[in-house]
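One structure follows; several queries about it will come next.
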2 protein chains.
Amino acid sequence: MLTEKFLRDRTVSLEPAERATIEGAISEVLTLGARHIIVREGERLDRSLLLIDGLMCRYIDNRQGHRQLVAMQVPGDFVDLHGFPLTKLDHDVATLTGATVAVIPHVALDRIVAEQPQLCRKLWFSTLLDAAMHRAWLFRVGRLDAMGRVAHFLCETEARLRAVGLSNGHRFALGLTQIDLAEICGLTNIHVNRVLRQLREKRICIFRSSVVEILDADALARRGEFSSHYLYLTGGD
Amino acid sequence: MLTEKFLRDRTVSLEPAERATIEGAISEVLTLGARHIIVREGERLDRSLLLIDGLMCRYIDNRQGHRQLVAMQVPGDFVDLHGFPLTKLDHDVATLTGATVAVIPHVALDRIVAEQPQLCRKLWFSTLLDAAMHRAWLFRVGRLDAMGRVAHFLCETEARLRAVGLSNGHRFALGLTQIDLAEICGLTNIHVNRVLRQLREKRICIFRSSVVEILDADALARRGEFSSHYLYLTGGD
DNA sequence: CGAACGTTTGAGATGACTCAAGCGTTGTGG
DNA sequence: CCACAACGCTTGAGTCATCTCAAACGTTCG
C-alpha cells in the first residue's frame, strides 16, 4: 500500500475508501536519485508527488546562494500538493536522499475536489499541516538560539518519523549532513558542528549524519522548547 | 461590499457569484479593540474571520514570553481560515490595531466545500498564500541580516497593501510599533530602532509607527532581497 | 590512488544582544 | 486641566553568540 503513511496517526485521517481513491489516482511511481532538483520555482505544475521513501526538501536561495530550507519532507508527506491550488510554486523542491515518489496528476485531484468534498478537505488539511510546520520553523529560527534550534528540529523530526513508523522514540535513520542541518536552522555548518558536539558531550543526543540517537528525550525537548501539538498527531498533547 | 478586498489582484480571483456567496456566509460584523487576543492556541473553532479593516497578527510565544509573529494580516485577509480544516490552531490570533472583522461560521464553509468545488479551491488557495508568506518569512529570519529583514518586511507589506488599495507605492499607513517589527523580524526592539535610523539616514525609508514612507523603493527591495512572486499578484513578476 | 565532499578545530571579527538611562507622547483620573 | 503613569522611542557602553577565514582530517567512491 503506497499511501499507507499519508495522514497516518493524525487527528484527521483517511477512510479506507478515500485511501483507495488516492491510491487509484497514482499515475506512476518514480525512483529519484539523491540531491536532485525536482521542481523549480515558478514552473507550471500538472502533478504532485507523494513521498513514499527517502527524504526531500523545499528551499529558497538568497542572492549569494545561501540556502534556507523551508520544509523537510518525510515518507507519507504530500510533497508539493501546494502546487495544485497555487499552480506554480514560490520555491524549489529537491531530494535530499534517494527517494521513491508516487506521481498524482492534477486532473485526478480536480476530480476529487469536484466529487469528494470530504476527501478534498483532508487534502486541504494536509497542506495546512505544512503551514503549521512552517510556523513552528519560524518560531525556531526567530526565537531560539543555535542549540535550541537544532534540538527543536530533532524533536520534530523524531515525532514525525515515529508517526509513520520510522522511529522508535530513541533512534532513527536520518540521511542529513551537517550542512543540511545548518540550512534548516539558519546557521552555518561550522556552528552546527559545535552545537552537535555539545549535545553529544551533554549526553542528550548523538547525530551521526545517518543515524540520530536520542539519549535524553526530555532534555532535548526542554532545550528546544518543543511541543508536538502543531503536528496534529493522534494522542498528542 | 465587505469582501471586496479578499483575493483582490491575485492570480486566482473570485467570480461575482462567488463573492456574493461569501458575502452571504457572513453571520455578523464585529469591531475589535487594539491589542486583544481573539483566538487562543488549541481552542476549538466554529467560525473564521475575514479582516475588513485594521491589522491583526498570529504569533507563537516562547517559554520566557518572547514572541515570534508568524503572520501579519491586512484588510482582505481571511485571518484564521486555517482553523476551518484544522479545527483548532497551533498559535494565537490577536489584533494589532483596532479592527473590523466579518464572522463566517464554519457551517457555511461546510456548505461551500460540499456544493461549490471551484470556490472551495479558491479558499484553499488563499490559505496556501499564507503558507507561501510563511516561507518568505522563514527565508527572511533565516538568511537575512537585521536591515535586510526589516527591508524585506516593509517591501512585502507595501506590496500587500497596494494590492488592496491601501498604498500608493510610496507611502502607507501602518500602525505597528518598533516592538511589533522586532517580533516580526526575530530581532530586539532596540536593534530595530538602530536599523530604522540607518534606513532613514540612507534616505531609503522612513518608518514613523503610523506611516511608512518609501523614498527609494529599488534600494529597499535590493537590501531586503525582495521579489513579490510569492504573493501571487496579478501582473507580478 | 586521488578527488570530492563532509567533519572538526582554532583564531579572530562582528552583528546583534543586554543592561541602563533618559526622553517624548498619550491617555486618564483627580 | 494638570499631573502622573504607562508606554514607546532613542542612545550609549559593554558583552556574547555566531560568523568568517583557514587548515587539517576522515570517508567514500570512481
Side-chain angles (χ1 to χ4, degrees), chain A residues 33-36 55 57 62 64-69 94-98 140-153 174-201 205-212 223-224, chain B residues 33-36 55 62 64-69 94-98 140-153 174-202 205-212 223-224:
Chain A
R35 307 285 163 181
H36 279 282
L55 295 177
C57 69
N62 83 347
Q64 303 93 37
H66 290 157
R67 179 163 297 185
Q68 178 63 46
L69 263 66
T95 54
L96 289 166
T97 65
R140 179 195 294 152
V141 292
R143 284 296 170 236
L144 297 182
D145 65 9
M147 188 180 289
R149 293 183 207 177
V150 172
H152 187 282
F153 171 72
L174 190 72
L176 297 184
T177 65
Q178 294 182 6
I179 295 169
D180 296 325
L181 218 43
E183 290 172 350
I184 286 165
C185 294
L187 298 167
T188 58
N189 59 328
I190 295 172
H191 201 62
V192 163
N193 180 278
R194 291 175 171 135
V195 165
L196 291 176
R197 180 175 54 189
Q198 288 177 62
L199 286 172
R200 196 184 331 120
E201 287 171 352
C205 181
I206 300 173
F207 177 99
R208 243 182 284 126
S209 142
S210 59
V211 176
V212 176
R223 193 60 183 74
Chain B
R35 308 284 164 181
H36 278 283
L55 296 176
N62 81 348
Q64 304 94 38
H66 290 157
R67 180 164 296 184
Q68 178 63 47
L69 263 66
T95 55
L96 288 165
T97 65
R140 173 153 83 219
V141 292
R143 285 293 169 241
L144 297 182
D145 65 10
M147 187 178 291
R149 293 183 207 178
V150 172
H152 186 282
F153 171 73
L174 189 71
L176 297 183
T177 65
Q178 294 182 6
I179 296 169
D180 296 325
L181 218 43
E183 291 172 350
I184 286 165
C185 295
L187 299 166
T188 59
N189 59 328
I190 296 172
H191 201 61
V192 163
N193 180 277
R194 291 173 172 139
V195 165
L196 290 175
R197 179 175 53 191
Q198 288 178 63
L199 286 172
R200 196 183 332 120
E201 287 171 351
K202 287 179 171 210
C205 181
I206 300 173
F207 176 99
R208 245 181 284 126
S209 141
S210 57
V211 175
V212 176
R223 193 61 183 74

Phosphate-side-chain proximity, A/N193 and C/dT8, N/O vs OP1/OP2 below 4.0 Å: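 Affirmative; the distance criterion is met.
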Between C/dT7 (P) and A/H191 (NE2): distance, integer Å: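 Computing the A/H191:NE2 to C/dT7:P distance gives 16 Å.
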hbond_proxy B/R194 side chain to D/dG12 base (donor-acceptor, 3.5 Å cutoff):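 Yes.
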Between C1' of C/dG15 and CZ of B/R143, the distance in whole Å: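 Atom CZ in B/R143 sits about 15 Å away from atom C1' in C/dG15.
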Pairwise 5' ranking along DNA chain D for B/R197 and B/R35, keeping only the more 5' one: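 Looking at the nearest nucleotide for each, B/R35 comes out on the 5' side.
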B/T97 side-chain N/O to B/G175 backbone N/O, donor-acceptor pair under 3.5 Å: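 No.
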From NE2 (B/H191) to CE (B/M147), nearest 0.5 Å: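 CE of B/M147 is found 8.5 Å from NE2 of B/H191.
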Between P of D/dT18 and CG of A/L196, the distance in whole Å: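 That distance rounds to 13 Å.
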Interatomic distance where CG belongs to A/L144 and P belongs to D/dA17 [whole Å]: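 The distance from CG of A/L144 to P of D/dA17 comes to 15 Å, rounded to the nearest Å.
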A/G98 backbone acceptor or donor facing A/T95 side chain under 3.5 Å: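 Absent.
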Sugar-phosphate, base or nothing in reach of B/I179, heavy atoms under 4.0 Å: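 Sugar-phosphate only.
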Nucleotide of C/dG10, D/dC9, C/dA16 approaching A/I190 most closely (side-chain heavy atoms):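 Selected nucleotide (nearest to the side chain): C/dG10.
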Whole angstrom value for the distance that separates C1' of C/dT9 from CD of A/Q198: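 A/Q198 atom CD is separated from C/dT9 atom C1' by 14 Å.
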Minimum-distance nucleotide (side-chain atoms of B/Q178 versus D/dT10, C/dT8, C/dA16):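 Out of D/dT10, C/dT8, C/dA16, the nucleotide with an atom closest to B/Q178's side chain is D/dT10.
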From C/dC17, C/dA16, D/dC9, nucleotide with atom closest to B/D145 side chain: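 Side chain of B/D145 sits closest to C/dA16.
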Side-chain donor or acceptor of A/R35 paired with backbone N/O of A/L96 under 3.5 Å: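 Indeed, once roles are kept as given, a pair shorter than 3.5 Å links the two residues.
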Distance in angstrom units between B/Q64 CD and C/dT18 C1', rounded: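 One finds 14 Å between C1' of C/dT18 and CD of B/Q64, rounded.
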d(CE, A/M147; C1', D/dC16) in whole Å: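 Nearest whole value for this atom pair: 15 Å.
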Distance, rounded to the nearest Å, where B/R208 contributes CZ and C/dT25 contributes C1':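 Going from B/R208 (CZ) to C/dT25 (C1'), I get 15 Å.
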Euclidean distance, A/R194 CZ relative to A/L199 CG, rounded to 0.5 Å: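 Nearest 0.5 Å value for the CG-CZ distance: 14.5 Å.
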Sorted by number, the residues of residues 180-189 of chain B with heavy-atom contact under 4.0 Å to DNA chain D: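 Within this stretch, nothing sits under 4.0 Å of the strand.
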Salt-bridge present (B/D145, B/R223; N to O < 4.0 Å):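 Salt bridge between B/D145 and B/R223, a charged N being under 4.0 Å from a carboxylate O: yes.
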No-hydrogen, no-angle side-chain donor-acceptor test under 3.5 Å, A/R140 and A/H152: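 A/R140 vs A/H152: donor-acceptor pair found between side chains.
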